Each structure stands twice: as C-alpha cells, then as structure tokens.
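Since the structure comes first, as structure tokens, the remarks are kept for the end.
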Amino acid sequence: MEQVTCFRCGRPMAAGFARAPHGIQWRTPAEPPLRWRRVWRVLRNTLAWWSFRENPAWRCAECELLVVDHSHSLPTKRPAAQA
C-alpha cells in the first residue's frame with residue numbers, strides 16, 4: 001500500500017483496511033442528515049451485503065482521521081474454523 005501523510009499533522013498514516021458492511025453514506029453540508037439507510041446514497045464499493053469485503057484505508061491515531069479508498073474493495077480472508 002502507498003504511504004499517505006495526514007493532512008492535519010503531517011505525520012505518516014498507518015495503512016490498513018476498513019470494513020463497512022452497510023456501506024458508507026455521503027452527504028454535503030447543505031443536505032439534511034439521513035435518518036434511514038438509503039442504498040442509493042451509499043458510496044460505490046463500500047456496500048457488502050452478503051460478502052466480506054474491505055477497502056484500503058489509512059488512519060492517523062493522533063488526529064483520529066481515517067482516509068478510505070473506495071475506488072475498489074478487496075475480499076476479506078476469513079479466519080479458519082477452530083477445532
């Protein structure tokens with residue numbers, strides 16, 4: 001994964017993955033808050049109804065800032081069942 005710098009503090013961000021099974025909804029400040037989940041408002045590649053998918057993401061623990069790349073998603077490797 002590429003290195004991303006936090007735009008608030010200038011430190012390198014930790015690379016990882018973010019999962020939002022119900023998708024990430026986006027609205028502008030001019031739009032009213034959404035009370036109910038609306039599938040047509042979910043960002044592309046963030047909805048995973050029946051699959052386990054994650055998006056590449058970067059996190060600044062100091063600033064509590066999360067950057068999610070929703071240009072694509074990746075399948076999550078499920079842990080093997082314990083005997």
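Here the structure is a predicted model, which is why all the values come from computation and not from measurement. Positions are given from 1 along the sequence.
Under the salt bridge (charged side-chain N to carboxylate O under 4.0 Å, His left out) criterion, no residue pair touches residues 12-22, with sequence neighbours excluded.
Shortest non-hydrogen contact noted between Met1 and Ala15 is SD-CB, 3.9 Å. Across Cys6 and Cys9, no two heavy atoms sit closer than the pair SG-N, 3.6 Å. Residues Pro32 and Arg27 approach most closely at O-CD, 3.4 Å, considering heavy atoms.
In this structure Glu31 satisfies the salt bridge (charged side-chain N to carboxylate O under 4.0 Å, His left out) test together with Arg41, sequence neighbours excluded.
His72 is listed as a side-chain neighbour of Pro56, based on a closest heavy-atom distance under 4.5 Å.
In this structure, Trp58 contributes its side chain and Phe17 its backbone to no donor-acceptor pair below 3.5 Å. Looking only at distances, a side-chain donor or acceptor of Asn45 sits under 3.5 Å from a matching main-chain atom of Ser71. Between the side chain of Ser73 and the main chain of Thr46, no donor-acceptor pair closer than 3.5 Å is present.
Taking CD1 of Ile24 as the reference point, atom CG of Leu47 lies at 10.5 Å (rounded to 0.5 Å). Within the model, atoms CZ of Arg8 and CG of Leu65 stand 5.0 Å from one another, a figure rounded to the nearest 0.5 Å. To the nearest 0.5 Å, the span separating CD on Glu62 from CE on Met13 amounts to 12.0 Å.
Here the rule is side-chain contact (heavy atoms from CB on, under 4.5 Å) with Val42, and of His22, His70, Gln25 only Gln25 fits it.
The number of heavy atoms from other shown groups lying within 6.0 Å of CD (Glu64) does not exceed 12.
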